[in-house]
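Take a look at the structure below.
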Amino acid sequence: MHWTEVIARTAEQVGQSAEEAEKVLGAMLEVVSEAMKTDEIIYLAPDFGAFAMKDIEGKEVGAGGRQLTKSRRTPVFKSAARLKKHLRQSDEEYLHRLHETGRHHQAECVARSPRAPAKET
């Protein structure tokens, strides 16, 4: 989903103009990015997840490990358990829709993928 769609859906959800929604979302992103610069963990809603910064160590690469890549910091998102559960349920609904529309082969491929929901026994 692109930024303009996020704005449009947010505006519709809260009953405000797209300009107001963009202003609020933009401010939220600014707050999040500024907080991440100072290594704060930003928790988004109790059951959604958190943004944080993570240190990535340099690695030896090349023949014989002669070169070392630089250590760096990168932003990460850690999803909350409740969000993960919600998304797994969404996967089950997706598989069901694929079967309903006759796309059985695609459903089989999705079911075999690592992020597919666990089958009930």
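Counting begins at 1 with the first residue of the sequence. Atom set for the values below is all heavy atoms of this structure, side chains included, hydrogens, waters and symmetry mates excluded.
Using a 4.5 Å cut-off between side-chain heavy atoms of Ile, Leu, Val, Met, Phe, Trp and Tyr, with links allowed through other members, Ile41 and Phe77 fall into different hydrophobic clusters. Residue Met1 is grouped with residue Met28 when hydrophobic side chains (ILVMFWY) are merged at heavy-atom distances under 4.5 angstrom, including chains of intermediate members. Under the 4.5 Å side-chain heavy-atom criterion for Ile, Leu, Val, Met, Phe, Trp and Tyr, Met53 and Leu44 are members of the same hydrophobic cluster. Placement of Met36 and Phe48 within a single hydrophobic cluster is found when ILVMFWY residues are connected by side-chain heavy-atom separations under 4.5 Å, directly or transitively. Taking hydrophobic clusters as Ile, Leu, Val, Met, Phe, Trp and Tyr residues chained together by side-chain heavy-atom distances below 4.5 Å, Phe51 shares a cluster with Leu83.
Closest approach of Gly26 and Trp3 over heavy atoms only: N-CH2, 4.1 Å.
For Glu100, the CD atom is densely surrounded, since the number of other residues' heavy atoms within 6.0 Å is greater than 12. Few gaps surround CZ on Arg73; more than 12 heavy atoms of other groups in view lie less than 6.0 Å from it. In this structure, Glu5 places its CD atom where more than 12 heavy-atom neighbours from other residues, nucleotides or ligands lie under 6.0 Å away. Heavy atoms of other residues, nucleotides or ligands lying less than 6.0 angstrom from NE2 of His99 number more than 12.
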Requested in this report: Apply side chain to side chain donor-acceptor pair (under 3.5 Å) to His104 and Glu108, showing your working.
Outcome: CA-CA 6 Å; His104 304 290; Glu108 289 171 15; over 6 Å; no

Query - Criterion salt bridge (charged side-chain N to carboxylate O under 4.0 Å, His left out) on Glu19 and Lys23, from CA distance to verdict - result: CA-CA 6 Å; Glu19 293 79 21; Lys23 190 175 173 182; over 6 Å; no

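Going from atom CD of Glu22 over to atom CG of Leu29 covers 10.5 Å, rounded to the nearest 0.5 Å. If you take CD1 on Ile56 and CZ on Arg72, they are separated by 5.5 Å, rounding to the nearest 0.5 Å. Taken from CD1 in Ile7 to CD in Glu20, the straight-line distance is 12.0 Å, to the nearest 0.5 Å.
In this structure, Glu34 pairs ionically with Lys37, as a charged nitrogen and a carboxylate oxygen lie closer than 4.0 Å.
A side-chain donor-acceptor contact under 3.5 Å links Ser71 to the backbone of Gly58.
Looking only at side-chain heavy atoms (C-beta outward), Thr10 and Glu12 stay at 4.5 Å or farther from each other.
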